[in-house]
2 protein chains.
Amino acid sequence: MIDFWFDFASTYSYVGAMRIEDAARAAGHEVKWKPFLLGPIFTAQLGIKTSPFNTQPVRGAYMWRDLERLSEKYGFTFKKPEVFPQRSILAARVAIIALDKPWVGDFIRNVFKAQFVFGKDISAAATIADVLNGMFIDPSPLLQQAETEPIKRQLRAFTDEAQALGIFGAPNIVVGKELFFGQDRIDDALAWANKK
Amino acid sequence: MIDFWFDFASTYSYVGAMRIEDAARAAGHEVKWKPFLLGPIFTAQLGIKTSPFNTQPVRGAYMWRDLERLSEKYGFTFKKPEVFPQRSILAARVAIIALDKPWVGDFIRNVFKAQFVFGKDISAAATIADVLNGMFIDPSPLLQQAETEPIKRQLRAFTDEAQALGIFGAPNIVVGKELFFGQDRIDDALAWANKK
């Protein structure tokens with residue numbers, strides 16, 4: 001069992017989320033999805049209210065180009081969204097409800113695609129509803145449940161846990177107590193999991 | 001021909017420098033070493049006078065652990081130096097003198113090892129002299145040449161060129177106009193070089 005810590009607002013989390021289940025399965029592992037919010041972590045660690053890719057434009061320019069190349073490499077589509085980063089709190093809460101559902105992986109990938117392939121605003125309930133409708137899942141009860149205290153609390157708990165794990169960006173693959181930062185470290189993380 | 005942009009003070013540059021020539025050779029490419037200074041770039045882009053691994057301690061803690069794992073993976077030794085980051089200007093200047101010498105790759109790797117394996121202070125001329133003596137090269141003329149204006153100018157020119165390339169950290173592999181940031185992207189860079 002490996003944990004995949006991600007934020008729906010994160011571009012490299014998109015790349016990682018698209019690859020992690022196939023890569024883990026090929027290595028004989030299952031993925032536990034861990035949605036969290038980078039916002040409070042960036043605020044606490046960097047004192048910023050946006051993505052470091054915005055506050056560091058040189059790094060940002062590299063990331064957008066890199067995403068084009070990575071998408072080409074892995075054979076999926078990528079379009080820079082008009083708004084970056086997007087508010088990912090609603091998507092993360094619905095993902096938390098979905099954690100014990102068989103469709104959790106598809107839901108997560110479809111939300112990422114809504115944002116990074118189709119240019120949709122994932123902070124809008126209508127976008128999340130469209131994603132769910134496209135999977136033949138009734139969005140209403142899920143969108144209602146997403147606003148309840150236990151779900152909100154669980155997202156805060158995951159974000160606290162991410163901080164306690166020493167997370168400073170996304171995505172991360174966590175194997176036991178070992179943290180692997182970045183989609184480019186998936187293979188290292190799986191090799192580590194196989195060593196044990 | 002691929003360009004390897006590195007700073008002797010950078011831990012991930014150590015990992016990359018140890019791997020790049022073998023990896024490039026296996027892929028049918030030659031490496032052009034490009035020493036530069038991260039300091040002026042961090043000051044310009046981040047407004048800091050030290051490494052971001054120091055100003056962002058959570059990220060720093062991850063990096064030190066990651067270096068241990070990477071060294072284990074690639075089979076080389078790593079010891080956290082007492083001073084980090086070290087002043088790399090002298091080592092970079094001597095590397096510039098060495099660029100057209102057959103021993104440039106060995107010199108670069110040996111300076112990295114002096115710092116990250118043997119815990120030596122690479123800002124000291126005595127350390128650079130020891131590295132050169134160990135390679136049966138007389139250090140005196142090189143250390144003198146390192147203080148001359150053409151060499152100083154070339155290092156400033158490389159640092160300016162790094163900034164113009166959109167470099168914001170180290171190491172980087174540059175193929176044509178494509179920048180690949182991080183030692184974990186060596187394979188991507190070589191695959192890119194082979195596509196052309």
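Bear in mind that the values here come from a model prediction, so they are computed numbers and not experimental data. In what follows, chains are A, B, ... by sequence order, proteins preceding strands, each numbered from 1.
Here B:F42 contributes atom CZ and A:Q56 contributes atom CD; the two are 9.5 Å apart, rounded to the nearest 0.5 Å. Separation of atoms CZ (A:R185) and CG (B:D184) is listed at 5.5 Å; rounding is to 0.5 Å.
The side-chain heavy atoms of B:R65 and A:L179, taken from C-beta on, include no pair separated by under 4.5 Å.
At a threshold of 4.0 Å, the pair B:D188-A:R69 does not count as salt-bridged, since none of the basic side-chain nitrogens sits closer than that to a carboxylate oxygen.
For A:E30, the CD atom is loosely surrounded, since the number of other residues' heavy atoms within 6.0 Å does not exceed 12. Taking a 6.0 Å sphere around NZ of B:K152, one finds it holds more than 12 heavy atoms contributed by other residues, nucleotides or ligands. Enclosure of atom NZ in A:K49 is not indicated, since only 12 or fewer non-hydrogen atoms of other residues, nucleotides or ligands lie within 6.0 angstrom. Remark: B:R87 CZ is loosely packed, at most 12 non-hydrogen atoms of other residues, nucleotides or ligands lying under 6.0 Å away.
The hydrophobic clustering, which links ILVMFWY residues whose side-chain heavy atoms are closer than 4.5 Å, places A:V83 and A:I89 apart. Note on A:W64: it clusters hydrophobically with A:Y12, by side-chain heavy-atom contacts below 4.5 Å among ILVMFWY residues.
Only the backbone of A:I167 comes within less than 4.5 Å of a heavy atom in chain B; its side chain stays farther off. Contacts of A:E178 with chain B are made by both backbone and side-chain atoms, with heavy-atom separations under 4.5 Å.
In terms of modelled atom types and a separation under 3.5 Å, the side chain of A:Y62 and the main chain of B:F181 share a donor-acceptor contact.
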